[in-house]
Novice: 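This structure is in structure tokens; I'll ask about it shortly.
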Amino acid sequence: MLEKIENILSSASSKIKAVKDLAQLGDIRVKYLGKNGEITALLKSLKNYPSQERPTAGKYINELRQKVEKLILDTENELSRIQKERKLKEEEIDVTLSKASLMRGGLHPITLAKNELVNAFIGLGYDVQEGPEIETDFYNFQQLNVPKDHPARDMQDTFYITDHILLRTQTSSVQARTMEVSKPPIRMICPGKVYRSDDDATHSPMFHQMEGLVVDKGIDICDLKGSLDEIAKSFFGKGIRTRLRPSYFPFTEPSVELDVSCFNCNGNGCRLCKGTGWIEVLGAGIVNPVVLEYSGIDSKVYSGFAFGVGIERCAMLKYGIPDMRFLFENDIRFLRQYK
Amino acid sequence: MKVPLSWLKEFVDIEISIQELADKLVSCGFEIEEIIYMRDNIKNVVVGKILTLEPHTNSNHLSICKVDVGESVIQIVTGANNVKVGDLVPVALDNAVLIDGTVIKTGELRGVVSQGMLCSGQELDLTEDDFAGAGVNGILILSKNAKIGQDINDIIGNTEVVLDVDVTANRPDCNSILGIAREVAAVTGKELKLPEMTYRVNNESVHYYVTVENKAFDLCPRYMAAAVKNVIQMTSPKIIRDRLKAVGVRPINNLVDITNYVLFELGQPMHAFDIENLSGRKIVIRRASGEKIVALDGKEYKLDNSDLAICDSEKPIAIAGVMGGEYSSICDTTTTVILESARFARDSVRHTSRKLNLKSDSSQRFEKGIDYISQELGMKRALALFDKYGWGEVVSGCIDEIKESYEDRVITYNYQEINKIIGKEIPKEAIIDILNALTLITTSDGNILKTCVPNYREDIVGVNDITEEVIRIYGYDIVEANIYSNTKGGMTPEQMRMEKLKDIMVGKGAFEIISYSFIPPKAFDMLNVEENSDLRKAISLSNPLGVDFSIMRTTLSYSMIKTIAYNLARNNKECRLFELAKIYLPKSLPLTELPVEKYNLSIGVFGEKEDYYTLKAIIDDIMLIFGIEVSYERKSLSYLHTGRSASILANGKEIGVLGEIHPDVLDNFDIDKKIYIAELDAEYVAQKGIDIKPYKAVSRYQGMERDLALIVPIDMAVSQLLSQIKSGATSILDNLEVFDVYQGKQIGAGKKSVAIKLFFQEYTRTLTDNEVNLEIENILSKLKEIDVHLR
């Protein structure tokens, strides 16, 4: 009996060791453990043994069965591990290959620059206003202290529709409209399209500006400088410095230009800043009291500051775009660069 | 305004470098466009000594010389015959640039290498008057003092440096050397010096020569006239010619040059008439009455009573402030000139200059504004120059027709008002010093200041203006940054939805374009738009840049197709594009009131993967995201494919269109690929869009799916089929979608097969098969009504 068990165990274990796949292993399982298997037969043959030997014999046979089952199970695990690995190996792909997918599109660089500026001002508590692009002479010029035949009109070549209706040359027209309907305190910006009859590498007949206006009690140049300095830093980078330089706009007095230190050369002078170390980014000033009065705001009580930013200029500076006309060609190869 | 440094130095001492001077001007409000070094006009021309001179073996008139140019000895072939061994001459070296832009290169002349060129006086832009020996017909022979190798610019005095100063529109007084000098004096703390203004006169009276009658004081508040007799006409001295050239004016002769010289020096336009051509020896200032005049540019102009004319007793002799007449101008035979120094109203000059499309240095200055003082300064200076150079005999007296006596403006204010605007404390004494340096004479009485503003500073009317004067000189460096902010602010919900619309498009893989708001009138023809269509009711600009930019668009579609055509022509084969921009719809034409401006969204898709349905899917998604229910109805539009276009309806109202571009329109744009575009009312979407949709329960019970393959009449729209299904179903029909449409032999003529997946769902319990079967039966019987059957 014991001898028989030993034989079965040694033949089973050598057969199991030689197994190549799960199917063979299944056959072996049937051969030994199946209904008509050798071990099953051995168990069935127990009834032929004398009753006092049965428990011991049964115990041996069961041990045999457990051993064989374990061998089969271990081999099964090993085989399925190898099989999985082989499958993964077979499914190997070239991980460096690219396939097309529906890519995200992108906003126009002008919109990207505009959004950045708008968000910065919203953070400082400004409202976003809009106004008509086809505007009256009254709001575009007269309410801003530029009467008819004022020499300042030459600063901007205007597209006219009738004698009194024109394409706005500046988003400043929205200043006049806002002050007419709002009471101070006023904090607003107005991004939008403006038009001047100019067309070259740095001018386009249609371009975008963002106007800003603050009117409150006690507004002074320090307020102007602080707010614009903050915005310039948020747009061009924390490291830049700003300076105010005297300038002229009919609707502000005093008027200034805001220069930022050249972010390309860190103010040392390069081609971008024409060797000056400074780049002009926007015009601003203390709202001319005359303009406040025109709009029915008491200039004895209130003062304000206003500014206007050229959005194309900001986008061109920030993204290094050399020619303004590129912005309006809408060549996809250009647009795809801005995601 | 171009400012030659040597000229400026006559008015104010300058002890700082040109760069420091430029920086000072920038800091006080005058941008410097450019610093021009006149010596850059002549480069690589040096003094050379002729060492040998031999005839050219291959030519009778050429010679070969060896020239010592300092660092080396070079060989030059020359045609000149006035040079001899030992002469010092100007030598243009290899890569030299002459004043007319000619570049001299090493080359061969008749087989002999020539490493440069010997220069004549003319080639260096010199006449005998300018430089002794320059008038010789041949090479300029320099004096023996010249140093071999020395830059020729230093020998001939071509060393001027010119500042190109940007003068803002509020400072017309600075369109002159004097005006800039006044600023320089203030920022450098130097004294302002005025030029020579005195002259000798003869014992005749100007009144004997000419009378002046001013009939239009409103347009000409001041008119001065003086006479100079026995004038000599000649070339002006080099200093005058050089300065005029440096400011961009061509020297003519001394009489013309004097008027220009005074114009640039003091800002006062001057004009000279030949007395022989003044009929009645009379000058009448009046509005024109339809006369014609040939101006100095040789062209004829017609003047009407909106134009101011300077006339003699019969006719106009000059267009006031704009240009003189040819007839009355000085000529070779002129012996007595009448000089005009006037102040014309800026809007009058502006009007006439614009109307005639005629600009001049003088019209540009009058338009910007000339003060009351300049006429006198200009006249005195011009007469002083005549006398100084001995170019004529100044007749005693000066006619001065002036409307009213002018007074300097006095502004009284508390100096603290200035500091309130700035937000920082500038001491009272510093304020007073700055204002006085700017010739704004200021006195104080305690905190109260009185500033006397001279007539040439018309821009200063109030405390804000005075503040600007103080701060621009004191410097903006003192201003501290104070962030004015508040917690409130932001976009309106509509504005945010506009931004969201763009974000959705970007998520759909589309790129934003920005195109011009103006389009050509032919745009509508290219879109095959009907003659009576509202689209054609567009606003025209009266002064467009060109016809292609002449009307304000009433549709974005033209620009979109144009952009796609542009890209296809550049082999950009596929893309999704969008634009969110305004269209301009007039209430009436011509415009009497402002038009309606409305934001539209235009979408364009093209490429192999795109078709009508990929475009429609974008719109479906937009509407789904904004919670706007839309339906589509077949619609043909002039520029869309009649069988592949639809209008987008919301609440029965059209809010947009979409479709494939009509083949004829593709031809008009030279496009040979299919493109698909949509244009919709973005404001409707922004106004009606829902940001947060109401909560809808998610069922915890299993739903059931059923597929139906239906035989449908071929021309029946799927939308009709779906709504018929819905009308036959109860609320347990949760969703349905078309997953296949098929036409073919198996289906039979006039039919198509549509496969639909129906999804049934109950929110409180699990559905039974029976329920769903019943539902399907009801749907099928409803479908029979419209001739739709199970396949």
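Every heavy atom of this structure was used, including side-chain atoms; hydrogens, water molecules and symmetry mates were not. Throughout, a chain's letter reflects where its sequence line sits, starting with A, and its residues are numbered from 1.
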Novice: Report which part of F518(B) has an atom under 4.5 Å of a heavy atom belonging to chain A: side chain, backbone, both, or neither.
Specialist: side chain
Novice: Is the shortest distance from a Lys or Arg side-chain nitrogen in R354(B) or E367(B) to a carboxylate oxygen in the other one below 4.0 Å?
Specialist: yes
Novice: Heavy-atom distance under 4.5 Å to chain A: side chain of K609(B), backbone, both or neither?
Specialist: neither
Novice: Below 4.5 Å, heavy-atom pairs only: which of M103(A), E230(A), R187(A) has the largest tally toward chain B?
Specialist: R187(A)
Novice: Between S197(A), P132(A), S247(A), which shows the greatest number of heavy-atom pairs under 4.5 Å with chain B?
Specialist: P132(A)
Novice: Using a cut-off of under 4.5 Å for heavy-atom pairs, which of I286(A), D229(A), T111(A) has the most such pairs with chain B?
Specialist: T111(A)
Novice: We want to know whether E133(A) and Y584(B) form a side-chain donor-acceptor pair, criterion being a heavy-atom distance below 3.5 angstrom.
Specialist: yes
Novice: Could you state the interatomic distance from CG (L438(B)) to CD1 (I460(B)), rounded to the nearest 0.5 Å?
Specialist: 7.5 Å
Novice: Can you confirm whether or not the ring centre of F121(A) sits under 6.0 Å from the ring centre of F307(A)?
Specialist: yes
Novice: Quick one: what part of T467(B) sits under 4.5 Å from any heavy atom of chain A, side chain, backbone, both or neither?
Specialist: both
Novice: Are Y195(A) and F159(A) an aromatic pair, judged by ring center distance below 6.0 Å?
Specialist: no
Novice: Quick check on the interface: out of V256(A), T136(A), L167(A), who has the most heavy-atom pairs with chain B under 4.5 Å?
Specialist: L167(A)
Novice: Between F207(A) and F328(A), is the ring centroid distance below 6.0 Å?
Specialist: no
Novice: Taking side chain as everything from C-beta outward and backbone as N, CA, C, O, which of these in V470(B) sits under 4.5 Å from a heavy atom of chain A? Side chain, backbone, both or neither.
Specialist: neither
Novice: Sort R472(B) into side chain, backbone, both or neither according to what part of it lies under 4.5 angstrom from a heavy atom of chain A.
Specialist: both
Novice: Under a 4.5 Å heavy-atom cutoff, which of L591(B), N572(B), D347(B) has the most pairs with chain A?
Specialist: N572(B)
Novice: Using the ring of W278(A) (Phe, Tyr or Trp, six-membered ring only), decide whether R245(A) places NZ or CZ under 6.0 Å from its centre and within 45 degrees of its axis.
Specialist: no
Novice: Please classify the contact of D465(B) with chain A as side chain, backbone, both or neither, using a heavy-atom distance under 4.5 Å.
Specialist: both
Novice: Under 6.0 Å between ring centres, would you say that holds for F578(B) and F511(B)?
Specialist: no
Novice: Can you tell which part of P172(B) gets under 4.5 Å to a heavy atom of chain A, answering side chain, backbone, both or neither?
Specialist: neither
